[in-house]
Amino acid sequence: MLMTLDEIFEEFADLDRQDQSLYLLELGDGLPEFPVCGRTDENRVHGCQSQVWLIADISGTQETAPFTIIADSDSNIVRGLIAILAASYNGKTAREILEYDIDAVFHRLNLQQHITPQRRNGLRGMVDRVLTLARMHLVTCGGGEPVVRGRSPAVESRPDLKNIPPLNPDDIRRQFPVLCKLHPSGLRPIFLDSAASAQKPQCVIEKEREVEEQYFANAHRGTYQFGLRIDEEFEGSRATIATFLNAASPNNIVFTPGTTIGINMIASGWGRRHVHAGDEILTTIMEHHANFVPWQQLAKERGATLKLIPLTPDGRIDLDQLDSVLNKRTRVLAITGMSNMLGTVNPIRELVRRARAMGTCVVVDGAQSVPHLPTDVIADDLDFLVFSGHKLYGPTGVGVLYGKPERLEEMDPIIFGGHMISEVRIDDSSWSAAPAKFEAGTMPIVQAIALGTAVEWVQKTGLASIHQHEQSLTTLAMERLQTVPGITIYGPDVAHRGGIITFRIDGMHPEDLAALLDQKDVSARHGHHCTMPLHTYLGVSATTRVSLAAYNTVDDIAALMDAIEFALKTLIRR
Ligand code: PLP
């Protein structure tokens, strides 16, 4: 016999925490038999760690027909959760189900304490399935699409972009141990290469240490104490990142080794399925090789054409010419949120709007934009977004691939084995639902957890404040650099760029300049910055780049200018 919700509440209230967990394991014992013919892929709930099938028995076709939830799982704890869902929803009409506050039930039962974050995602998947069935029923009865109440908590928690508190860069800098250690020269490091990799605040370093020293275990493997803790931290990080990007669900966040692998996963896993001979792939000449070569290779392999959106003379996307290259054959638009060479910030929302009209899938390389500009995947309506942890004050070896649920559904995994497996038979295999489907083998667990800490650090510091601070330093640096004789600065004005400034000085090879800057303890990058097509387009083989982050100060810009002065004098003397 199934318990009623009141009976469950009563029992729970009388038990201590440990007995509540045991009770949850027994709660599913009274579930009715699930029909064998219902164990189909269609009835499977995605996002669950274990196998779960869920259907609704609706007594009648009218709008007021009551629902009975019938579900089963191979896990006892999930069967217990099913019993709670059934007790909550059974007997209710579709409309009542849609209006029912199921989170209040979970809250009252303190489920948070009893189930791992991964299980919470699975529970959310079951709730979503029930809500979908209720919506489908209303549509079938002609009751129309019900109103969705409230805004996503992620939208509610976005920073107020109008009243931005200023940063105190000295305070920020003190949180980065590597920037507080003096060089052998006695000078502090002036780090101007954050576009390559940002430095890490103490809290990120500490988090990695905490995991290693206190509860390291593989993720999604053990249900012993370390295993549960690691899962909680790992999935907690995923949830933090989902909120940061305003993704609808943590299930839309896939951990990857970084931007490059993330884009290759999309180009191979999604592109090979959806790009065909005669199709077009649209990108720009300002892309990092990571967002250029995978598409170039895909186009060659599939017999598609790679097209480029023309740029304005100052290095922006020429929106007036977009229609000349975007059309119904454009299957993919692959574009960077911010150029790692020109610093250009691209008008992603406008590009997506116009791509949408052509049915084009939009892939945004957020490696440079996500760490510096507030990103909202829902408001921007992005299909895919990728970024790397190490450019966002986090560890190397971990990155994120965000995908709309339907895009992740239609994307194939390209690496097989481990947690991504649902079932392996001799003749074929099937995959878990996203995000697990794309997380094969042992993940960079410690790094993924510490990336969550890095994101929290950015949120606490205020991404809007960081952006504002970087913009004012960029303005100052541009003004000062423009006074250097023989300098060419690439890219647009400050209104259209982020904190990346790339330049050449007549008569000075970028490599020589970088070496001389380093003599003054200023770290700047030289070379083609993985943008060879852009360098060829600009008619240069190499440039010097300085890039800013939250910890840079006005003094850093002064030090850069002094170091350039020193380089000029040194080279002129020769
Ligand atoms: N895309 C852009 C715009 C970048 O700046 C970079 C790195 O510099 C990448 C992609 C590649 O990132 P990763 O090396 O972390 O894969």
Side-chain angles (χ1 to χ4, degrees), residues 191-200 204 241 254-268 283-297 308-309 311 315-317 332-346 348 351 362-373 375 382 384-402 414-415 438 443-444 447-448 450-451 454-455 470 490-491 497-502 523-535 537 542-549:
F191 192 74
L192 295 175
D193 195 21
S194 299
S197 268
Q199 301 296 346
K200 294 171 203 54
V204 171
I241 294 164
V254 177
F255 285 118
T256 66
T259 303
T260 305
I261 309 274
I263 296 171
N264 277 275
M265 283 164 67
I266 301 167
S268 296
T283 185
T284 76
I285 198 127
M286 72 169 82
E287 302 307 314
H288 186 282
H289 296 161
N291 196 33
F292 192 86
V293 183
W295 303 112
Q296 175 198 62
Q297 294 301 307
L308 303 180
I309 310 177
L311 300 190
R316 287 180 295 129
I317 296 288
V332 183
L333 165 60
I335 184 145
T336 187
M338 176 165 134
S339 160
N340 68 311
M341 191 272 183
L342 299 169
T344 312
V345 173
N346 284 323
I348 297 297
L351 288 165
V362 182
V363 180
V364 173
D365 171 355
Q368 297 298 343
S369 57
V370 171
H372 303 284
L373 299 160
T375 304
L382 305 185
F384 291 110
L385 169 81
V386 284
F387 68 91
S388 302
H390 66 99
K391 296 183 200 282
L392 196 138
Y393 313 103
T396 49
V398 68
V400 166
L401 184 165
Y402 158 84
I414 58 164
I415 306 172
F438 304 106
M443 297 301 288
Q447 292 79 357
L451 176 56
V455 166
E470 290 170 355
Y490 300 96
R497 68 156 70 220
I500 290 178
I501 309 171
T502 303
S523 309
R525 170 134 180 231
H526 71 276
H528 54 63
H529 319 295
C530 297
T531 55
M532 277 192 200
L534 179 59
H535 275 71
Y537 170 79
T543 48
T544 304
R545 179 182 78 182
V546 295
S547 52
L548 304 168

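Keep in mind the model is a prediction, meaning the values are calculated, not measured. Read the numbers this way: they start at 1 and go in the same order the structure lists the ligands and their atoms.
- Counting the atoms of ligand 1 from 1 in the order shown, those under 4.0 Å from a heavy atom of S388 are 12 (O), 13 (P), 15 (O), 16 (O).
- V400 has its side chain out of reach of V370: every pair of non-hydrogen atoms, C-beta onward, lies at least 4.5 Å apart.
- Using a 4.5 Å heavy-atom threshold, the side chains of F387 and L392 count as touching.
- By the 3.5 Å distance cut-off applied to N or O atoms, T336 is not counted among the residues near ligand 1.
- Nearest protein heavy-atom neighbour of atom 4 (C) of ligand 1: H288 CD2, 3.3 Å.
- Counting the atoms of ligand 1 from 1 in the order shown, those under 4.0 Å from a heavy atom of T260 are 11 (C), 12 (O), 13 (P), 14 (O), 16 (O).
- Residue H390 places a heavy atom less than 4.0 Å from ligand 1.
- For F255, the ring-ring contact (aromatic ring centres under 6.0 Å, His included) criterion is met by F234, not counting sequence neighbours.
- Proximity of M341 to M286: side-chain heavy atoms (C-beta onward) are nowhere separated by under 4.5 Å.
- A search for ring-ring contact (aromatic ring centres under 6.0 Å, His included) contacts involving H529 returns H535, not counting sequence neighbours.
- Contact of the F292 side chain with the D365 side chain is not registered, since no non-hydrogen atoms from C-beta on lie closer than 4.5 Å.
- Residue contacts with ligand 1, taken as heavy atom pairs separated by less than 4.0 Å, involve K391 solely via side-chain atoms from C-beta onward.
- The closest approach between any non-hydrogen atom of D365 and ligand 1 is below 4.0 Å.
- In this structure, S547 and D193 have side chains that are in contact, with non-hydrogen atoms separated by less than 4.5 Å.
- Atoms of ligand 1 lying under 4.0 Å from any heavy atom of A290, numbered from 1 in the order shown and given with element: 10 (C).
- When hydrogens are left out, the protein atom nearest atom 5 (O) of ligand 1 is Q368 NE2, 2.6 Å; that is the closest non-hydrogen contact.
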